[in-house]
Amino acid sequence: MPDQICASLDVHSLSILAPDGTVDDALMPPLTETDIQRLYELMVLTRTFDQRAIALQREGRLGTYPPSLGQEAAQVGSAFVLQANDWIFPSFREMGVQLTLGYPINQILQYWAGDERGQQSPPQLNIFPVCVSVGSHLPHAVGTAMAARYRQDPVAVAAWFGDGATSKGDFHEAFNMAGVFKLPLVFICQNNQWAISVPVKGQTASSTLAQKALSYGFEGVRVDGNDVFAVYRATRDALNKARTGDGPTFIECLTYRVADHTTSDDAGRYRSADEVATWSARDPLLRLELHMEGRGIWSKEYAAETLQRATSDIDAAIEVLETTEAPDPDDMFAYCLSQPGQRQSAQRKAV
Amino acid sequence: MPDQICASLDVHSLSILAPDGTVDDALMPPLTETDIQRLYELMVLTRTFDQRAIALQREGRLGTYPPSLGQEAAQVGSAFVLQANDWIFPSFREMGVQLTLGYPINQILQYWAGDERGQQSPPQLNIFPVCVSVGSHLPHAVGTAMAARYRQDPVAVAAWFGDGATSKGDFHEAFNMAGVFKLPLVFICQNNQWAISVPVKGQTASSTLAQKALSYGFEGVRVDGNDVFAVYRATRDALNKARTGDGPTFIECLTYRVADHTTSDDAGRYRSADEVATWSARDPLLRLELHMEGRGIWSKEYAAETLQRATSDIDAAIEVLETTEAPDPDDMFAYCLSQPGQRQSAQRKAV
Amino acid sequence: MAMLTMVQSINQALSQEMARDNRVLLLGEDVGRDGGVFRVSEGLQEQFGAERVIDTPLSESGIVGAAIGMAAYGLRPVAEIQFMGFIYAALDQLYTHAARLRTRSRGRFTCPMVVRTPYGGGIKAPELHEESSEALLCHLPGIKVVVPSGPYNAKGLLLAAIRDPDPVIFLEPTRLYRMLREEVPEDDYTVPLGSARIVKEGTDVTVVAWGSMLERVFKTETAHSLEIIDPQTLTPFDWETLLISVKKTGRLIIVHEAPKTVGFGAEIAATVAEEAILYLRAPIMRVTAPDVVLPLPKLIDHYLPTTEQIRTAIDDIMRY
Amino acid sequence: MAMLTMVQSINQALSQEMARDNRVLLLGEDVGRDGGVFRVSEGLQEQFGAERVIDTPLSESGIVGAAIGMAAYGLRPVAEIQFMGFIYAALDQLYTHAARLRTRSRGRFTCPMVVRTPYGGGIKAPELHEESSEALLCHLPGIKVVVPSGPYNAKGLLLAAIRDPDPVIFLEPTRLYRMLREEVPEDDYTVPLGSARIVKEGTDVTVVAWGSMLERVFKTETAHSLEIIDPQTLTPFDWETLLISVKKTGRLIIVHEAPKTVGFGAEIAATVAEEAILYLRAPIMRVTAPDVVLPLPKLIDHYLPTTEQIRTAIDDIMRY
Ligand SMILES: Cc1ncc(C[n+]2csc(CCOP(=O)(O)OP(=O)(O)O)c2C)c(N)n1
Ligand SMILES: Cc1ncc(C[n+]2csc(CCOP(=O)(O)OP(=O)(O)O)c2C)c(N)n1
Ligand SMILES: [Mg+2]
Ligand SMILES: [Mg+2]
C-alpha cells in the first residue's frame with residue numbers, strides 16, 4: 001500500500017488441434033495412435049448415440065432428452081483420462097463421459113426412458129446419478145474427495161457441469177471448500193455458451209469462466225473444448241495435480257450446444273441460425289478426422305467401420321432396453337429407505 | 001491460444017493514513033476539517049456505544065451482543081459517504097454504520113434487547129433490518145438496486161457483510177447478478193479475519209477477498225480497514241461509479257475483530273493473545289487521533305468533550321429504552337401478514 | 001368470451017396487470033426471450049421490454065432474494081421458478097426473509113411479491129419436474145400459498161396474488177396447463193385469496209382437492225353425492241367453508257398428490273378432528289401419494305392418486 | 001453411573017463412536033477448535049485430529065452436500081448446522097439429494113449421514129436461533145427425523161442415528177442442553193429409531209410431546225391421569241404405540257412448539273382421525289405456537305406453549 005497491486009492473476013488458455021487438423025507439437029500429449037483412434041471411436045459413439053436417442057424420443061420410446069451434439073471432444077477428451085476407481089459426478093448432458101467410462105449404453109437409455117434402474121452404476125464404476133438440479137452435485141464431489149483423502153485412497157474425483165451451473169450458490173460453496181481443503185478434484189465446465197435460452201453473457205459478466213477459480217485460490221484454465229487433445233491434456237495435468245496432492249483445478253471447455261437444449265426446446269426462438277452454423281463448422285469430430293487422416297490413421301472405410309460398430313453397440317443396447325421388463329412399483333418402497341417404516345409397509349401392500 | 005494468457009487481472013490495495021498519523025497527500029480525499037472531526041466523533045460514538053452495550057449485556061439488560069471494537073473506521077468511513085435516500089443492507093455487526101447514518105440509538109439497543117421494534121427503520125432512512133443469517137441479505141441489495149434502476153431513481157445501494165459471508169451461496173448469486181445487470185451497488189466486506197473461531201484462511205484459499213469480484217466481471221479493491229480515509233475514499237469512488245451507471249464495486253476492508261465474536265463467545269479458546277495485541281496496536285481511532293493532533297484539530301479537551309457527548313447521547317437512548325413499554329404480544333399478529341387469516345384471528349384473541 | 005387454456009389465462013393476467021401497473025415486473029430463468037419453458041410469459045418481453053421481463057442467471061436463491069429486494073423497494077415483482085423441484089434452493093430466502101420481513105421490520109418493509117412455479121405430476125418429465133411440495137410452504141407463517149385449478153380461477157387468483165400486500169407462492173398445476181379450456185373473461189377480475197370454492201354441492205361426502213387432483217376427483221365416477229371443495233388458497237385457508245360442509249356431510253376425504261405424511265391434507269384432517277369431530281360419521285380419509293420418493297415417469301402412475309383410489313375411498317367412507 | 005447433561009451425553013456418544021468406528025467424522029462451523037458454540041464437540045478435535053473433526057467454511061449447503069458425498073463414499077459423517085435457523089439453505093441438499101440418493105441410484109449409493117442441529121426455543125437468543133421446523137423435514141420421504149428429550153435418550157438415539165443406513169436429522173433441544181441431568185451409562189447402548197417411549201402410563205388422556213415440550217408437559221400440574229408419549233423419532237413414526245394408547249384413553253393432546261398449521265401435530269391428529277376415530281371421546285387437541293413468525297426474546301414467552309395452555313387443554317378435553 002498506498003495504492004498498489006496486491007494480486008496479479010493470469011488465466012491461461014490452451015489449444016492444440018487446429019481446425020485444419022494440424023497440431024502444436026510442443027503441446028501435443030504423448031497419445032499413441034491407438035489412443036487417438038479410441039478417442040475418435042468414442043466421439044463417434046457419442047454422436048451416434050445422440051442421434052439414436054433423439055430418434056427414439058421422437059418415436060415416444062424415450063422421454064425428454066438433452067442432446068450433446070458438438071460437445072463430444074469436451075466430454076470424451078476429459079473422461080478419457082480417468083481411472084476405474086475414480087469418482088465421477090456428471091450433470092445431465094454428459095452422455096459422452098458415461099460412454100467413455102464404459103457405462104452400459106442400455107442403462108443410459110433406460111434412464112432417459114424414465115426408469116431409475118438406469119442410474120444404478122455398475123459396481124466397477126463410481127458414477128453418480130445424473131444430476132438434473134443444476135450445480136447441486138458439486139458439493140458431493142467435494143465430500144467424496146474429502147472422504148477419499150481421509151481414507152488415503154489413491155482416488156481422484158471429477159465433476160462436470162455447464163456454464164449455467166456457475167451461477168448457482170452450490171458451485172461457489174463447492175469450489176470454495178475444494179480450495180480450502182486442497183482436494184484431489186477436477187471441475188470440468190462444459191461452457192456450451194447457452195443455458196436453455198440464456199447466453200453465457202447473460203449468465204455472468206466475467207470474461208472467462210476459468211477465472212472464477214481465482215476466487216478460490218486455485219488454477220483455472222480455459223481450453224478449446226472442440227479440441228480433444230487440449231481437453232485431454234488439461235484434464236491429464238489436472239488429474240496429475242489432484243493425484244499428487246496439489247489440489248483442485250477448474251477446466252473451462254469452450255464449446256457449443258449445437259442442438260436444442262432438449263427435445264422439448266426450440267432454440268430457433270432465441271438464437272440465430274448464423275451462430276449455430278459458425279459453431280457447427282468448428283465440429284470437434286471433423287477436426288480430429290482431418291488430423292488422423294493427415295497421420296494416415298483415418299480412412300473412409302475405417303470411419304464406416306467405426307460408425308457400424310457404434311451403431312451395432314447401440315442397437316444391442318436398444319434391444320436390451322426394449323426387452324427389459326417394466327420396473328416393479330414395489331421398488332419405490334424397496335429403495336426409499338433401508339427398511340420401510342410402519343407407514344410405508346402398509347402403503348407398500350396397497351400398491 | 002495455443003497456451004497463452006487469456007485474462008490478466010489485477011487487484012489493487014489502498015491505504016492513506018499511516019499508523020503514525022501521516023497521510024499520503026496524493027491520495028488523501030478532500031475532506032474538510034469539520035468532516036474529519038465528524039468522522040472522529042462517529043468513531044468515538046461507535047466505540048462508546050459498544051462498551052455500553054457490552055456493559056448492559058453483562059447486567060442482563062441486553063441479550064447476546066456482537067462487539068464492533070476495532071472496526072470503527074471500516075464502518076464509519078464507508079457509511080459516511082451515503083445519502084439519506086440510499087438503501088442500506090447491514091449485517092449484524094454494523095452498529096457504526098447505523099450510527100453514522102443516524103439510526104436512533106435507542107432502537108439499536110432495543111433490537112439487541114430482543115425487541116423487533118428496534119428494526120423499524122425511521123421513515124427518512126432506508127436501512128434494512130439487521131441480518132443474522134449470514135450473507136442472505138445480499139440478494140435483497142441486488143433486487144433493490146434493480147428496482148431503483150428500473151424506477152430511474154438516483155439511488156445507490158450498499159451492503160455490508162463479513163469475511164465469513166463470502167463463503168455463502170447467496171454471496172455468489174448476488175455478486176453474479178450485480179455483475180450481469182451492472183447495478184448501482186457497493187459491496188463492503190468487513191474482513192475482520194475471523195468468523196467466530198474460523199480464521200479467514202479457513203474460510204477461503206484466495207489470497208485476498210477483493211479478487212473474488214473478478215469472477216463477476218467487476219472491480220474489487222482491498223483497503224486498509226483501519227484507515228478511515230482509505231475506506232472513505234474507496235467507498236466514495238465506488239458510489240460515484242454506482243451513481244453514474246458504471247456498475248458495482250467490491251470493497252474489502254481489511255480490519256480485525258478485536259473483541260470476542262459475541263458476548264457469548266470466548267475468543268481465547270481459538271486465537272492467540274499475541275495476534276489480538278498486534279491488531280489492537282493498529283487501532284483505527286488512535287491513528288486518526290494522531291493525524292488530527294498533527295493537524296491541530298484534536299486535543300485532550302476535544303476528545304473528552306467528544307466522549308462526553310457520545311456518552312450523554314447513549315445515556316439518553318438508554319433512558320428511552322428503559323422507559324419504553326414492553327412490546328404488545330398482539331404485534332406478533334399485527335405484523336405477520338397485512339391481515340390475519342381466519343386461523344390467526346382466532347389465535348390472536350387467545351394470546 | 002374466449003375459451004382459454006391455463007397457460008393463456010395466466011399469460012393474459014400477467015400482460016394485463018403489467019399494462020395496468022408499472023410496478024409489476026417479471027424475472028426468472030428463460031422468462032424473457034424464450035417466453036418461459038411453458039410459454040407462460042410468451043410475448044411479454046416484446047411487449048414490455050427486457051428491463052421489465054428479465055432473464056436472470058441460473059440462481060433460484062438469487063431470483064427470490066432479488067424479488068424480495070424489489071418488493072421492499074415498492075415494486076410488485078413476479079418471479080418464476082422454472083419447476084417446483086428447483087424451489088428448494090430458494091426456501092432459505094422464502095422462510096428467512098420473504099415470510100418475515102414485515103414482522104422483522106415492524107411493517108417498515110413489506111414483501112408484495114409473487115413466486116410462480118409449475119407444480120405437480122403427471123407430465124412424464126425428468127426428475128424434479130413433477131414435485132408437489134406445497135405443504136413445505138404452508139407451515140412457516142408469513143407466506144400465502146395459492147393453487148389454481150383451471151384457467152378461470154388461475155387468472156383471477158393471479159391478479160389477486162399480484163395485488164396482495166404479502167408474499168404469495170402461486171403453484172401452477174403443470175398437468176392442467178393445456179388440458180382444460182374454460183371461458184375466461186377478457187376483463188379484469190380477481191378471485192379473492194383465502195376463499196374456498198364449492199365446486200359441486202352434495203350431501204354424502206365432502207371431498208377436498210386442489211390443483212390437478214381436483215380434475216381427478218371430477219373424473220371419478222360414483223353414485224354418491226359429493227360436495228367438492230377447491231380451497232384455491234392453502235394459506236390462509238378458508239376453514240369456515242370447509243367446516244360448514246363437513247358438518248353437513250359428516251364425511252371428509254382429502255385428495256392430494258404429495259406424500260401423505262405432513263402433507264397439507266394432515267392439516268385439514270387435524271383441524272376437522274379438532275373443530276368438528278362431533279359431526280363426523282366416519283374416519284377422515286386421505287388419498288395421497290405414498291411416502292416414497294417421487295419416481296421417474298415409468299412408475300409415476302403407480303405413485304399419483306388414481307380415480308380408482310378415490311372411488312375406493314368414497315365407497316369405504318360410505319360404509320360408515 | 002454418571003449424571004450428565006445432554007451436551008455431555010452427546011459429546012460422549014460422538015467421542016465413543018469415533019473411537020469405535022473410524023468411518024465417523026464430524027464437520028461444521030466451529031465444531032473443531034472451538035468445540036462447537038454449545039461445546040457439544042469439545043475436546044474431539046484434540047482427540048481425533050483436524051482431519052476428522054473438520055472446521056468448514058460458512059456454507060450450510062456445502063456442509064450438507066459434502067456430507068452426502070462422504071456418506072456415499074462409505075464414511076459416516078456427522079454434520080453440524082450451528083442452529084436450526086440456518087438449515088434452510090441446506091434444504092435443497094437434503095430434499096434433492098440426501099433423501100433421494102438411494103432411490104435414484106437404486107441402492108448403488110446410500111447416504112448414512114447424520115445432521116445434528118440445536119433446535120427449539122426458550123433460550124432468549126437472537127433471531128433464527130430458536131426455530132423448530134421439524135415438520136419441514138418430515139414431509140419429504142427418505143429422511144429420518146429424531147428428537148431426543150433428555151441426556152439418556154440423546155446418547156442412545158445418536159448412536160443409533162450414526163449407525164443407521166439412512167440420512168438422519170438429529171434435532172437437539174437447546175433449552176434442555178444443560179437444564180436436565182440424567183444417569184447416562186458409560187457403555188455403548190442404542191435407543192432404536194422408530195420406537196416411541198411411553199414416559200408415563202395413564203388412563204385419561206394421551207399426551208404426545210417431543211423435545212423440550214416434553215419437559216413442559218411434565219411440569220404441568222393436573223389431577224388427571226396422563227399417558228405421556230415421547231415419539232423420539234418423528235419419521236419413521238411409531239404409530240402402533242400411539243394408536244394403542246389413544247384407543248385406551250380415548251383422548252389425544254399433541255404439544256409442539258412449532259406453529260400449528262401443518263406442524264407435525266397435524267399428522268398425528270390426522271392419522272388418529274383416520275385410524276382410531278371410533279375410539280375417541282373428544283376432539284383431538286393441539287397445543288402449539290400460533291401461526292406467526294417466531295418473535296425475538298421479548299415476546300417469545302407469549303409464543304411458546306405454556307404449562308398453563310397445556311393444563312387448559314387437558315381440562316377442556318376432560319370435559320368430553
Ligand atoms: C437448479 C435448476 N434450475 C433450473 C433448472 C432447469 N434447467 C435445466 S437445464 C438448464 C440450463 C442449464 O444450463 P447449463 O448449466 O449451461 O447446462 P447445459 O444445459 O448447457 O448443458 C435449466 C435452467 C434445473 N434443471 N435446475
Ligand atoms: C447462515 C448462517 N450460518 C451460521 C451462522 C452463525 N454465525 C453467526 S456469526 C458467524 C460468523 C460470521 O462471520 P463473518 O461473516 O466474518 O462476520 P463477523 O462475525 O466476523 O462480523 C456465524 C457462523 C449464521 N448467523 N448464519
Ligand atoms: Mg450451457
Ligand atoms: Mg469476520
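Proteins get letters first, then strands, A, B, ... in listed order; numbering begins at 1 in each.
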message: Please classify the contact between B/F181 and chain C as side chain, backbone, both or neither, with a heavy-atom cut-off of under 4.5 Å.
response: side chain
query: What about B/F89 and B/F161, are their ring centers closer than 6.0 Å?
result: no
task: Using non-hydrogen atoms and a 4.5 Å limit, figure out which bit of B/A141 sits close to chain C: side chain, backbone, both or neither.
output: neither
field: Sidechain N-carboxylate O distance under 4.0 Å for B/K241, B/E219
entry: yes
task: State, to 0.1 Å, how close C/A98 and C/P167 come at their nearest heavy-atom pair, and which atoms those are.
output: O-CG, 3.5 Å
message: Looking at B/R243 and B/D86, is any side-chain nitrogen of the basic one under 4.0 Å from a carboxylate oxygen of the acidic one?
response: yes
query: Among B/V142, B/V180, B/D170, which has the most heavy-atom pairs under 4.5 Å with chain C?
result: B/D170
Heavy-atom pairs under 4.5 Å with chain B, option from C/R23, C/E240, C/H97 with the top count: C/H97
- request: Below 4.5 Å from any heavy atom of chain C, which atoms of B/L183 appear? Answer side chain, backbone, both or neither.
  value: neither
- request: Compute the centroid of each ring, for B/W87 and then for C/F109, and state whether the two points are separated by less than 6.0 Å.
  value: yes
Interface residue of largest heavy-atom contact number with chain B, from C/E60, C/R52, C/R100, C/K144, under 4.5 Å: C/R52
- request: For the residue pair B/S338 and C/D166, confirm or rule out a side-chain donor-acceptor distance under 3.5 Å.
  value: yes
- prompt: Using non-hydrogen atoms only, which part of B/V130 is less than 4.5 Å away from chain C: side chain, backbone, both, or neither?
  reply: backbone
Winner by heavy-atom pair count (cut-off under 4.5 Å) against chain C, out of B/R149, B/M177, B/R117, B/R343: B/R343
task: Please report the shortest heavy-atom distance between C/V24 and C/I162, naming the atom on each side.
output: CG2-CG2, 3.8 Å
- request: Please state whether the side chain, the backbone, both or neither of C/S61 comes within less than 4.5 Å of a heavy atom of chain B.
  value: both
query: Do B/Y216 and B/F250 have ring centroids that are under 6.0 Å from one another?
result: no
task: Can you tell which part of B/P340 gets under 4.5 Å to a heavy atom of chain C, answering side chain, backbone, both or neither?
output: neither
- prompt: So which part of C/L193 gets closer than 4.5 Å to some heavy atom of chain B, the side chain, the backbone, both or neither?
  reply: neither
message: Heavy-atom pairs under 4.5 Å with chain C - which of B/A148, B/G341, B/S133 has more of them than the others?
response: B/A148
